[in-house]
Amino acid sequence: METQAGGIRRWIVLVTLTFVYVLNFLDRQLLGILAKPIQDSLHITDKQLGLIGGLYFAMFYCFIAIPVGWLADRTNRVTILSLACAIWSGATIACGLATSYTQLVVARMTVGFGEAGGVPPSYAIITDTFRPGERGTAFGIFNLGPPIGAALGIAFGATIASMFDWRDAFVAIGVVGIFAAIAVRLIIREPKRGATDLATAAPAPAAKAPFWGTVGMFFTHPVLMLAALGSGATQFVTYGLGNFAVLFLMREKGMTLTEIALWYAIVVGVGMSAAMLISGRVIDRLSRRSRLVYALGPAVSLAIAMPFYVGFVWSPGWQLALVLLTIVNCFNYFYLSASVALVQEEVQPNQRVLSGALLLLVMNFIGLGLGPTFVGWLSTHLTESGVAHSLQIALYALSPFYLIAIALFLWLARILRAEQLAKVPA
């Protein structure tokens with residue numbers, strides 16, 4: 001029976017991990033939030049902005065996550081998380097000190113290096129702290145990190161940039177991250193691997209999972225790969241939009257940094273937070289009846305989001321655009337808690353960090369690496385060709401990826417249904 005102190009402590013762990021994720025995403029989003037003043041200061045194009053926020057960042061963020069995941073599965077996950085937070089926070093400060101595009105690229109790639117060690121260990125710590133049937137809600141709360149981080153980044157980043165300088169925003173948030181890294185090590189204890197599985201499953205294997213064996217298992221497992229590919233196609237849209245949304249609203253819709261700091265922050269905070277909380281609760285409730293919710297939930301939510309997304313890009317004024325974007329954000333992020341919970345429950349306890357890292361590798365390389373790069377490249381190409389409203393057209397071009405993501409999640413649903421039917425006794 002769980003003690004009251006133990007019950008309280010696991011929520012303290014979750015809140016601490018969520019706060020670190022807030023900083024993780026806040027640091028990551030600052031570049032897009034402050035795109036306009038950075039462009040004006042360093043004289044960089046949309047294409048360069050897309051590369052630094054997309055491919056260059058993802059090259060480190062995605063691939064370093066694999067050895068980090070392997071190491072964390074074999075060592076202390078809390079220590080890995082604390083060190084990672086310190087590295088990306090120091091690199092965020094370096095972004096604020098950059099005086100050229102090259103220096104900014106190096107600093108951002110170092111941010112990616114540090115952030116690679118942030119999310120996978122957190123996934124595994126949460127899974128070993130919360131029981132099955134509670135993890136969807138726990139991941140839903142943890143995944144409030146992106147909306148809260150983005151909203152705070154917009155509010156504080158844009159406010160600091162408008163009152164002082166864009167560099168001050170990077171430095172201030174980086175300093176907060178250094179203190180958070182220390183707090184992680186002091187507050188969180190390393191949980192026993194597989195501890196929360198014991199009531200419903202066999203004890204966790206004592207042997208350490210082989211690196212290549214886990215990698216091979218992940219990339220040949222249709223359920224894991226479809227969850228990762230469907231999430232990647234979704235992130236192609238969300239990151240492609242997210243890295244250019246502020247620039248788009250300022251350039252095409254006429255918003256100012258002060259308006260961004262208030263209204264866009266509210267839209268992101270409300271829309272994305274609602275998505276994370278609702279999706280986690282829905283997953284926990286419906287997954288007890290059928291695992292199909294892990295696939296059908298994202299497919300249905302993306303089908304609802306797509307027409308509102310097109311309306312957002314088309315909207316003639318920023319007020320209507322923000323109303324439509326709020327609805328888009330409510331449905332764009334249903335996939336995240338579903339995919340994370342599915343992958344964590346599908347693998348052995350001693351494979352969870354590495355499997356979480358592999359999930360991030362696939363979905364973030366596609367989404368984070370290629371989404372912003374595609375939007376930035378297309379916008380610059382259209383501008384050089386003399387096409388008006390180039391960034392608006394580039395954002396329209398993200399729409400087909402909704403259909404790709406929906407198709408992949410429906411394919412996943414078909415496999416999960418077949419597995420479910422195979423377990424039913426004749």
Side-chain angles (χ1 to χ4, degrees), residues 18 21-22 24-26 28-30 32-33 35 53 139-155 157-158 230-250 252-253 255 259-283 297-315 317-340 363-364 367-368 371-372 375 395-396 398-399 401-402 405-406 409:
T18 303
Y21 198 13
V22 167
N24 181 306
F25 210 84
L26 199 161
R28 193 186 314 175
Q29 293 298 300
L30 271 184
I33 294 163
F139 282 124
I141 293 172
F142 176 70
N143 285 327
L144 287 174
I148 295 174
L152 290 178
I154 295 161
S231 299
T234 305
Q235 287 196 345
F236 197 97
V237 177
T238 59
Y239 276 116
L241 169 63
N243 277 43
F244 285 93
V246 172
L247 187 61
F248 174 68
L249 289 167
M250 294 181 70
E252 297 284 347
K253 308 299 183 184
M255 292 189 76
E259 290 168 336
I260 290 288
L262 174 61
W263 298 111
Y264 182 60
I266 292 174
V267 165
V268 171
V270 171
M272 291 177 64
S273 296
M276 300 307 179
L277 289 173
I278 294 171
S279 64
R281 296 294 294 174
V282 169
I283 289 165
V300 171
S301 66
L302 291 173
I304 295 172
M306 183 177 176
F308 290 100
Y309 171 77
V310 174
F312 157 74
V313 179
W314 160 85
S315 178
W318 66 264
Q319 293 89 345
L320 177 58
L322 290 185
V323 171
L324 295 173
L325 184 59
T326 303
I327 301 172
V328 171
N329 284 338
C330 283
F331 292 99
N332 258 4
Y333 293 92
F334 199 104
Y335 78 95
L336 189 55
S337 296
S339 294
V340 171
M363 70 182 190
N364 282 330
L368 176 59
V375 173
L395 291 178
Y396 272 129
L398 291 175
S399 302
F401 288 90
Y402 272 107
I406 291 168
F409 280 118

For a side chain to side chain donor-acceptor pair (under 3.5 Å) check, start with the C-alpha distance between Y309 and N329, then their side-chain angles and the critical distance, and finish with the verdict. CA-CA 9 Å; Y309 171 77; N329 284 338; over 6 Å; no
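- For F312 and F248, the gap between ring centers is short of 6.0 Å.
- Here L249 contributes atom CG and I260 contributes atom CD1; the two are 5.0 Å apart, rounded to the nearest 0.5 Å.
- The two residues L302 and A405 come nearest to each other via the heavy atoms CD1-CB, 3.7 Å.
- T238 is linked by a side-chain hydrogen bond (donor to acceptor under 3.5 Å, both in side chains) to nothing, counting only residues two or more places apart in sequence or in another chain.
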Please step through side-chain contact (heavy atoms from CB on, under 4.5 Å) for the pair N243 and V375, ending with a clear verdict. CA-CA 9 Å; N243 277 43; V375 173; over 6 Å; no
side-chain contact (heavy atoms from CB on, under 4.5 Å) between F331 and F308, intermediate numbers included: CA-CA 10 Å; F331 292 99; F308 290 100; 5.8 Å; no
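- The nearest pair of heavy atoms linking V313 to K253 is O-NZ, 3.3 Å.
- Of the options L262, I327, L325, a side chain to side chain contact (heavy atoms under 4.5 Å, CB included) to V267 is made by L325 and by none of the others.
- Across all non-hydrogen atoms, the minimal contact from T18 to I141 is CG2-O, 3.6 Å.
- Annotation: side chain of L144 is not in contact with side chain of Y21 (no heavy-atom distance under 4.5 Å).
- In this structure, F334 and S301 approach most closely via the heavy-atom pair CB-OG, 3.2 Å.
- Atom OH of Y396 has more than 12 heavy atoms from other residues, nucleotides or ligands within 6.0 Å.
- T234 contributes atom OG1, which lies 10.0 Å from atom CG of L336 (distance to the nearest 0.5 angstrom).
- Taking the six-membered ring for Trp and thresholds of 30 and 60 degrees, Y335 and F409 have ring planes inclined between 30 and 60 degrees apart.
- One finds the CE atom of M306 at 8.0 Å from the OH atom of Y402 (value rounded to the nearest 0.5 Å).
- Ring pair F236/F401 is parallel by interplanar angle, where below 30° counts as parallel and above 60° as perpendicular.
- Nearest approach of V310 to S399, heavy atoms of both residues: CG2-OG, 3.7 Å.
- The distance from the CD atom of Q235 to the CG atom of N332 is 11.0 Å, given to the nearest 0.5 Å.
- Residues L320 and S315 come closest through the heavy atom pair CB-OG, 3.3 Å.
- To the nearest 0.5 Å, the span separating CD on E259 from OH on Y264 amounts to 14.5 Å.
- Rounded to the nearest 0.5 Å, atoms CG (L395) and CD (E252) are 8.5 Å apart.
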